[in-house]
Amino acid sequence: MEAHRLSSTKPVQALKPTKKIPLEEDTGKASDALPLPLYLTNALFFTLFFSVVYFLLSRWREKIRTSTPLHVVTFSEIIAILSFFASFIYLLGFFGIDFVQSLVFQPSPDVWIAEEEDDEVLLAKEDARKVPCGQALDCSLPPLPPAAPIVTVQKVFDEKPVTVLTEEDEEIIKSVVAGTTPSYSLESKLGDCKRAAAIRREALQRLTGKSLSGLPLDGFDYESILGQCCEMPVGYVQIPVGIAGPLLVNGIEYSVPMATTEGCLVASTNRGCKAIHLSGGATSVLLKDGMTRAPCVRFGNAKRAADLKLYLEDPDNFETLSVVFNRSSRFGRLQVIKCAIAGKNLYIRFTCSTGDAMGMNMVSKGVQNVLDFLQTDFPDMDVIGISGNYCSDKKPAAVNWIEGRGKSVVCEATITGDVVRKVLKTSVESLVELNMLKNLTGSAMAGALGGFNAHASNIVAAIYIATGQDPAQNVESSHCITMMEAVNDGKDLHISVTMPSIEVGTVGGGTQLASQSACLNLLGVKGASKETPGANSRTLATIVASAVLAGELSLMSAISAGQLVRSHMKYNRSSKDVSKAT
């Protein structure tokens, strides 16, 4: 923390010494005791190591050839073995000198000196961190033992925690900065994910010269993301979670968690939930449930590609292919195979059920089984890639809009005229006209692909982040067409959203993290369904579609009533001067 932020008026000088502090006795360096210069000593041990290795290998090869026991050694071989161990120990210590010096000559814990006499700028930037944080700022913190783990202390003059590093951590940080220790290997080397994140974070700050003080480190379980959610963590981002609801869907009330930093989004969705609830609730229907993966294969000519297409689409072969595909999982079940040909290239779109998992890995394993099986009858098939973008994942694509991917859901509600006037502050006629000109005609004029809605991606993204889904799949999951029409002689409003590719799961990935798991638990869909496999993920998809319905209803009403700009100016504008924030 900068010195000018301290409550004390005493300037902080500990991090910028003006001269060397003498030790009680002149300890010197370990390299001073060597009979030869350092570079010659290193060269000598290098030469000795490789020479004795070559000598011993030659001798042992000769013994094997003459059937002489290996344990029978001559005097020269004994000398070679001793030389081997001596040179190996030297090299293992990374040329030994710094390692020996750190063992033989321990500096006093109350002082530190610069290694370069005339480099005070470098000293202030790098070597200042050798002083414990409390000592540098004169806070009288108790000293830590050399092998103590990283701890977090609270400075009396600041509310933010400061991480105190041990001498051992300091050495690891230096090796990461120097590039001798890869940052990605810290977890496996240290066996402590929290400590690895703290060391990586400090090394990053030194390398970039940029502070990460606003990025929290403590309060997160780094063990839970190891090997599955995030690599090389240095902290975590805080996103507020708001609740919209109760949302009445199929006779059940849900409190919908939404993680967002966009003001008005939760409030607007909540208003839509209120309008739906007052009108008797929404009805949501699952139309289709199947994740897809489409590899690309190539043949020497188009005829061979067409032969495979006809084979895969022949109903007589489907049962055989299903048995091969279904070996990968007890939940993955092949549903349909659809092929598209481009010259001598064939794109094979597999669709399968995946239980309560989103299912990308599950379907990929099944596809690999089928590709291996097809190599027997089609040995000239060249697999270009397990994914040929005909799936299509994390990209807007007509195949998802038409055929669907993941869960295909339609959700509808009839909003009474009184609710439209009193809660939504608009009229049925205005909403119907606006929807036609904006969501339908306007989107068509823009050449939209699956974007015939007001802001479906807003709600999808917020729920996805809160519940541990893949945020990138918001691209195709937000494909939505919003329809509105006047019913009951024009008195009431019928509104519906049709979403053909909602990709969600309640197991795997980020769903198992504590915060995301809590949000799933709030919705009653945490983990896998014990009664009916896939029931929880399908329920989550219907909740997402119903929340989108509420968001569409409220935003369209705000635009119709001319409230959009006023509400965003009131709720989406911060009065805090962020330029002065530290």
Side-chain angles (χ1 to χ4, degrees), residues 225-231 288-298 308-309 311-313 317-340 345-379 381-395 397 399-400 403-408 468-473 475-477 501-513 527-529 532-538 540-541:
I225 64 173
L226 180 63
Q228 51 193 356
C229 291
C230 181
E231 299 76 36
K288 190 187 300 184
D289 181 8
M291 181 50 63
T292 65
R293 175 61 84 197
C296 173
V297 299
R298 181 172 57 191
L308 178 56
K309 180 180 186 298
Y311 174 85
L312 292 172
E313 294 180 345
N317 298 324
F318 183 79
E319 184 176 354
T320 300
L321 295 173
S322 296
V323 172
V324 176
F325 185 97
N326 297 343
R327 292 173 184 168
S328 61
S329 170
R330 59 194 178 101
F331 297 111
R333 292 295 177 265
L334 184 63
Q335 296 174 343
V336 66
I337 301 176
K338 181 181 179 62
C339 298
N345 304 302
L346 183 67
Y347 299 85
I348 314 167
R349 194 172 192 257
F350 294 83
T351 304
C352 81
S353 60
T354 57
D356 282 306
M358 184 270 289
M360 285 296 299
N361 293 332
M362 190 183 301
V363 66
S364 296
K365 290 189 291 185
V367 168
Q368 188 62 57
N369 288 345
V370 174
L371 292 177
D372 294 341
F373 172 78
L374 292 175
Q375 289 285 357
T376 302
D377 294 330
F378 296 88
M381 180 181 69
D382 183 16
V383 179
I384 302 302
I386 191 70
S387 174
N389 273 9
Y390 188 50
C391 311
S392 174
D393 186 41
K394 301 170 185 174
K395 292 167 283 292
V399 68
N400 291 337
E403 298 290 338
R405 187 171 196 257
K407 277 74 173 169
S408 299
Q469 311 304 312
D470 188 341
Q473 290 184 320
V475 175
E476 63 266 38
S477 295
S501 50
I502 300 178
E503 300 165 349
V504 292
T506 57
V507 296
T511 64
Q512 62 191 6
L513 300 180
S529 173
T532 306
N536 282 352
S537 62
R538 289 193 286 269
L540 179 58

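Just so it is clear, the model here is predicted, and its values are computed rather than measured.
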message = side-chain contact (heavy atoms from CB on, under 4.5 Å) for M381 and R298? Distances and angles first, verdict last.
response = CA-CA 6 Å; M381 180 181 69; R298 181 172 57 191; over 6 Å; no
remark   = S387 meets the side-chain contact (heavy atoms from CB on, under 4.5 Å) criterion, sequence neighbours left out, with R293, N389, C391
inquiry  = As a quick check of understanding, evaluate ring-ring contact (aromatic ring centres under 6.0 Å, His included) for F373 and F325, giving each step before the final call.
reply    = CA-CA 9 Å; F373 172 78; F325 185 97; over 10 Å; no
request  = Taking the side chain as every heavy atom from C-beta outward, state whether I502 and S408 have any atom pair closer than 4.5 Å.
outcome  = no
query = If you take all heavy atoms of G355 and K407, which pair is closest and at what distance?
reply = O-NZ, 4.2 Å
task = Answer yes or no: is there a side-chain heavy-atom contact under 4.5 Å between L371 and I386?
result = yes
key: Other residues, nucleotides, ligands: >12 heavy atoms within 6.0 Å of Q375 CD   = yes
request  = Find out whether T351 and K288 are in side-chain contact, i.e. whether some heavy atom of one side chain is under 4.5 Å from a heavy atom of the other.
outcome  = no
task = Might you point out which heavy atoms bring T292 and M360 nearest each other, and give the distance in Å?
result = O-SD, 4.2 Å
request  = State the SG-CG distance between C229 and L513, to the nearest 0.5 angstrom.
outcome  = 4.5 Å
Which residues share a side-chain contact (heavy atoms from CB on, under 4.5 Å) with V475, sequence neighbours left out = P396
ask   = Can you find a pair of side-chain heavy atoms, one from I384 and one from V297, that are under 4.5 Å apart?
value = no
request  = State the CD-CG distance between E231 and L226, to the nearest 0.5 angstrom.
outcome  = 9.0 Å
ask   = Short question: side chain of K365, backbone of V363 - any donor-acceptor pair under 3.5 Å?
value = no
query = Backbone N or O of P533 within a donor-acceptor pair of the D356 side chain at under 3.5 Å?
reply = no
query = Ion pair present between E476 and R405, side-chain N to carboxylate O less than 4.0 angstrom?
reply = yes
ask   = Is the closest side-chain heavy-atom distance between Q473 and V504 below 4.5 Å?
value = no
message = Between V370 and L374, is there a side-chain heavy-atom distance shorter than 4.5 Å?
response = yes
ask   = Rounded to the nearest 0.5 Å, what separation is found between the CG atom of L321 and the CG atom of N369?
value = 11.5 Å
inquiry  = Tell me the closest heavy-atom pair linking A535 and S529, and the distance in Å.
reply    = CB-OG, 3.7 Å
key: Between CG on residue N536 and OG1 on residue T511, distance to nearest 0.5 Å   = 10.5 Å
ask   = Hey, are the side chains of P295 and F350 touching, using non-hydrogen atoms and a 4.5 Å cut-off?
value = yes
Could you tabulate the donor-acceptor pairs under 3.5 Å formed by side-chain atoms of residues 329-339, not counting sequence neighbours?
{"from": "S329", "atom 1": "OG", "to": "F331", "atom 2": "N", "distance (Å)": "3.0"}
{"from": "S329", "atom 1": "OG", "to": "G332", "atom 2": "N", "distance (Å)": "3.4"}
{"from": "R333", "atom 1": "NH1", "to": "S329", "atom 2": "O", "distance (Å)": "2.9"}
{"from": "R333", "atom 1": "NH2", "to": "R330", "atom 2": "O", "distance (Å)": "3.3"}
{"from": "Q335", "atom 1": "NE2", "to": "D289", "atom 2": "O", "distance (Å)": "2.9"}

ask   = Any donor-acceptor pair under 3.5 Å linking the side chain of T354 with the backbone of A357?
value = yes
message = Just verifying a value: how many Å separate T506 OG1 and M358 CE, rounded to the nearest 0.5 Å?
response = 12.0 Å
note = To the nearest 0.5 Å, atom CZ of R327 lies from atom OG of S322 at 11.5 Å
query = Heavy atoms, side chains only, cut-off 4.5 Å: are Q469 and E503 in contact?
reply = no
ask   = Should we count CG of N361 as having more than 12 external heavy atoms under 6.0 Å?
value = no
